[in-house]
Amino acid sequence: MNDSLPVSSFRRAVWRWTRTRERPLPWRGERDPYRICVSEVMLQQTQASRVVQPYLDFLARFPSVSELAAAEPADVLRAWGSLGYPRRALNLWRTACAVVERGGFPRSVDELVTLPGIGPYTARAIATFAFDAHVGIVEANVRRVYERCFGSGDMQSVADAMTPRGSSARWNQAMIDLGAEVCRPRDPRCESCPVRSMCSWDGVLGASKKPAPPFETTLRFARGRIVDALREREATRAQLLRRTNLPQMRIEDALDALLEDGLIHRAGARYALGPSARERSRPTSLTK
DNA sequence: AACACGGGGCG
DNA sequence: CGCCCAGTGTT
């Protein structure tokens, strides 16, 4: 299937390029699976530059997987700060609990993907960066490079074929950097691209996505405001109504959704951050 | 395959 | 103001 890929020349070109183009990021070269896991979950749908400080703060607060597992989930949510998608923080805590319970991080992709919040990308990221497993990774940056070069299709198999055995961690880091710094979404710097001669991109940018409704009217926005309000202290529904300036309807729907996710719970007349003590061991979803 | 899910950076 | 981001889970 991928016999036609110019594997050797592509690898040579990227290796040559990567020697001088490394981004100084605190998780670069990290080998500890816990610290890699924290960084990768924070990096989901979040630009690297925005993750640096929260990552350092989070690790200072929870230096090891056992300390994270022993923490109050509400405190983990507070430590998440304003990174967004707070369900990531809750799942990270659940993953820490599962890892402690089983006596350490799994090394295989198949086992890693069973952890809450760890999908196909993050499982492979942990496997390659922590254990140098022979797997390629496909996220936004890498996908863009491979698709522009070789066309759309199964990019995971392309990434796996391109990844050299024995140095997968360095390779995958290099591919991410190539996508982030050269093969950028809007204004790619093709003139300084090491694989330009192998690239078949026609320079046509993708079609724009369907317009989104005003963010302030979405349930997402309401959820965010409520979680932010509860970060400080628990509150009644009336207090939330006053503090968030949200329409009552929105509050109702958002509270229901947040309760379902375990991001908040109800204690008497008040709502508070995190799952209730009873449902802390409840699985992430009802179907899985 | 299509949606929901946050928030901030950038042109 | 619209696009994008080291994606995941659900339907």
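Note on naming: letters A, B, ... go to the chains in the order of the sequence lines (proteins, then strands), and numbering restarts at 1 for each one.
Rounded to the nearest Å, the gap between the C1' atom of dG6(B) and that of dC5(C) is 12 Å. Nucleotides dC3(B) and dC3(C), compared at atom P, are 16 Å apart to the nearest Å.
Screening residues 61-83 of chain A for ring pair (Phe, Tyr, Trp, His ring centres under 6.0 Å) gives Phe58(A)-Phe62(A) as the qualifying pairs, with residues at least two apart or on separate chains.
Distance Ile176(A) CD1 to dC4(C) P: 19 Å, rounded to the nearest Å. Atoms CZ (Arg50(A)) and P (dG9(B)) sit 7 Å apart, rounded to a whole Å. Per the geometry, CG belonging to Leu115(A) stands 15 Å off C1' belonging to dG7(C), to the nearest Å. Atom CG in Leu258(A) sits roughly 11 Å away from atom C1' in dC5(B) (whole-Å rounding).
The pair Arg280(A)-Glu72(A) meets the salt-bridge criterion, since a charged nitrogen lies less than 4.0 angstrom from a carboxylate oxygen.
Residue Pro120(A) is in sugar-phosphate contact alone, with no base atom involved, counting any heavy-atom pair closer than 4.0 Å across all strands shown. Looking at heavy-atom distances under 4.0 Å, Ala48(A) makes contact with sugar-phosphate atoms alone, never a base. Backbone-only contact: Ser208(A) has heavy atoms under 4.0 Å from sugar-phosphate atoms and none from a base. Across all strands shown, Arg186(A) has heavy atoms under 4.0 Å from sugar-phosphate atoms exclusively, and none from any base. No contact: Arg143(A) has no heavy atom under 4.0 Å from any strand.
Contact check of residues 72-84 of chain A against DNA chain B (heavy atom, cut-off under 4.0 Å) returns Ser82(A), Leu83(A), Gly84(A).
The side chain of Pro86(A) approaches dG6(B) more closely than any other nucleotide in the set dG6(B), dT8(C), dG9(B). When each of dC4(C), dG7(C), dC5(B) is scored by its nearest atom to the side-chain atoms of Leu219(A), the top-ranked nucleotide is dC5(B). Listed nucleotides: dG7(C), dC4(C), dG6(B). Nearest to the side chain of Gln44(A): dG7(C).
Below the 3.5 angstrom threshold, one finds no donor paired with an acceptor across the side chain of Ser49(A) and the base of dG9(B). Checked by distance alone, Gln45(A) brings a side-chain donor or acceptor within 3.5 Å of a matching partner on the base of dG7(C).
A donor-acceptor contact shorter than 3.5 Å is absent between the side chain of His134(A) and the backbone of Ser168(A).
A search for side chain to side chain contact (heavy atoms under 4.5 Å, CB included) contacts involving Arg196(A) returns Cys190(A), Glu191(A), Cys193(A), not counting sequence neighbours.
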